[in-house]
Amino acid sequence: MANKGPAYGLSREVQMKIDQKYDPELEIILVQWIGGQCGNQVGQPEEAGKAGFQKWLKDGVILGHLINSLAPGSIAKIQASAMAFKQMEQVSQFLKACEKYGIPANDQFQTVDLWEGKDMASVQRTLMNLGSLAVTKSDGHFSGDPNWFPKKSMENRREFSQDKLKEGQSVIGLQMGTNKGASQSGMTGYGMPRQIL
């Protein structure tokens with residue numbers, strides 16, 4: 001990965017809009033959750049803020065420990081490496097494990113979003129989705145405050161008997177409209193103009 005110079009014009013405006021979506025308060029919650037979920041093996045970011053958060057997660061080791069704490073055995077081999085392609089491979093393995101865990105691919109960040117720090121807000125959204133899904137699953141692997149994450153809605157299947165279904169066919173719902181209270185009083189014959197006095 002080559003270092004890129006500063007962006008100008010439209011590219012700069014787009015990057016500024018992306019950067020505005022980053023939530024420092026959400027970062028604090030995510031750091032607390034990851035620390036509590038993974039234990040002492042992950043530590044804390046060296047500095048607060050987007051750059052510190054990105055640097056903390058960049059190599060994919062912490063993300064690997066996180067997904068393994070929620071779904072044991074998701075990533076078989078987690079190892080720290082200084083080589084860029086190994087770090088990006090760790091992040092890719094995390095994203096694949098997230099998809100197996102239940103997070104759709106379109107709700108996940110791209111590896112370069114984290115590795116280059118281009119869209120850290122999407123990294124936060126992916127981690128929020130992961131936390132929400134972990135709270136919803138209630139399989140005993142989640143540790144932390146469940147109020148940090150919104151609980152995802154679950155399917156609530158209902159079974160109706162044939163008698164109940166037949167009964168419902170004879171009812172006209174109000175969505176289809178009603179003519180209760182309708183009358184033709186005040187109607188004029190067709191073709192006659194309205195008289196204004």
Side-chain angles (χ1 to χ4, degrees), residues 1-8 11-101 103 105 107-135 141-150:
M1 298 282 148
N3 288 334
K4 295 180 182 172
Y8 296 100
S11 298
R12 184 164 189 252
E13 288 178 28
V14 169
Q15 189 59 47
M16 286 173 60
K17 281 187 177 182
I18 290 171
D19 290 344
Q20 287 175 351
K21 293 179 183 177
Y22 186 81
D23 186 357
E25 293 173 7
L26 181 56
E27 175 195 327
I28 294 167
I29 291 171
L30 290 171
V31 168
Q32 286 178 344
W33 173 55
I34 293 170
Q37 185 72 37
C38 300
N40 297 331
Q41 60 191 5
V42 297
Q44 296 281 323
E46 293 175 13
E47 59 186 83
K50 188 171 77 165
F53 190 60
Q54 185 255 347
K55 188 177 176 186
W56 187 52
L57 298 175
K58 181 179 178 179
D59 64 358
V61 173
I62 292 169
L63 295 174
H65 287 302
L66 176 63
I67 194 69
N68 274 349
S69 70
L70 294 171
S74 295
I75 299 177
K77 193 174 183 183
I78 302 170
Q79 58 186 26
S81 176
M83 292 186 281
F85 72 92
K86 286 281 191 187
Q87 292 177 353
M88 292 177 83
E89 186 181 343
Q90 286 282 131
V91 175
S92 294
Q93 288 177 349
F94 166 76
L95 293 173
K96 285 177 190 166
C98 282
E99 196 166 353
K100 286 181 186 172
Y101 191 67
I103 297 177
D107 284 348
Q108 297 179 10
F109 63 90
Q110 300 293 314
T111 304
V112 292
D113 292 340
L114 172 60
W115 210 84
E116 293 180 357
K118 294 286 184 190
D119 191 2
M120 291 303 293
S122 68
V123 174
Q124 285 185 323
R125 283 192 301 273
T126 300
L127 292 173
M128 278 297 290
N129 286 336
L130 183 63
S132 295
L133 193 59
V135 168
H141 293 295
F142 177 83
S143 61
D145 186 356
N147 295 323
W148 286 338
F149 304 102

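Keep in mind the model is a prediction, meaning the values are calculated, not measured.
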Do any pairs count as a side chain to side chain donor-acceptor pair (under 3.5 Å) and have a residue in residues 47-61, sequence neighbours left out, and if so which ones?
-> D19-K50
Here the side chain to side chain donor-acceptor pair (under 3.5 Å) pairs for residues 77-92, sequence neighbours left out, are Q87-W115, S92-T111
Any side-chain heavy atom of Q32 within less than 4.5 Å of one from W148?
-> yes
Can you find a heavy atom in the side chain of L130 that is under 4.5 Å from one in the side chain of I67?
-> yes
So CD1 of I29 and CD1 of I34: to nearest 0.5 Å the spacing works out to 12.0 Å
Hey, does L133 have a side-chain heavy atom less than 4.5 Å from the side chain of L70?
-> no
side-chain hydrogen bond (donor to acceptor under 3.5 Å, both in side chains) with Q93: which residues, sequence neighbours excluded?
-> none
Could you give the distance from CG (D107) to CG (N129), rounded to the nearest 0.5 Å?
-> 5.0 Å
First locate atom CZ of R125, then atom CG of L26, and finally report the distance between them rounded to the nearest 0.5 Å.
-> 10.5 Å
Return yes if some donor-acceptor pair links the side-chain N/O of N68 with the main-chain N/O of S74 below 3.5 Å, else return no.
-> yes
Side-chain touch L66/V42, heavy atoms, less than 4.5 angstrom | no
Q108 side chain to V123 main-chain N or O, any donor-acceptor pair under 3.5 Å?
-> no
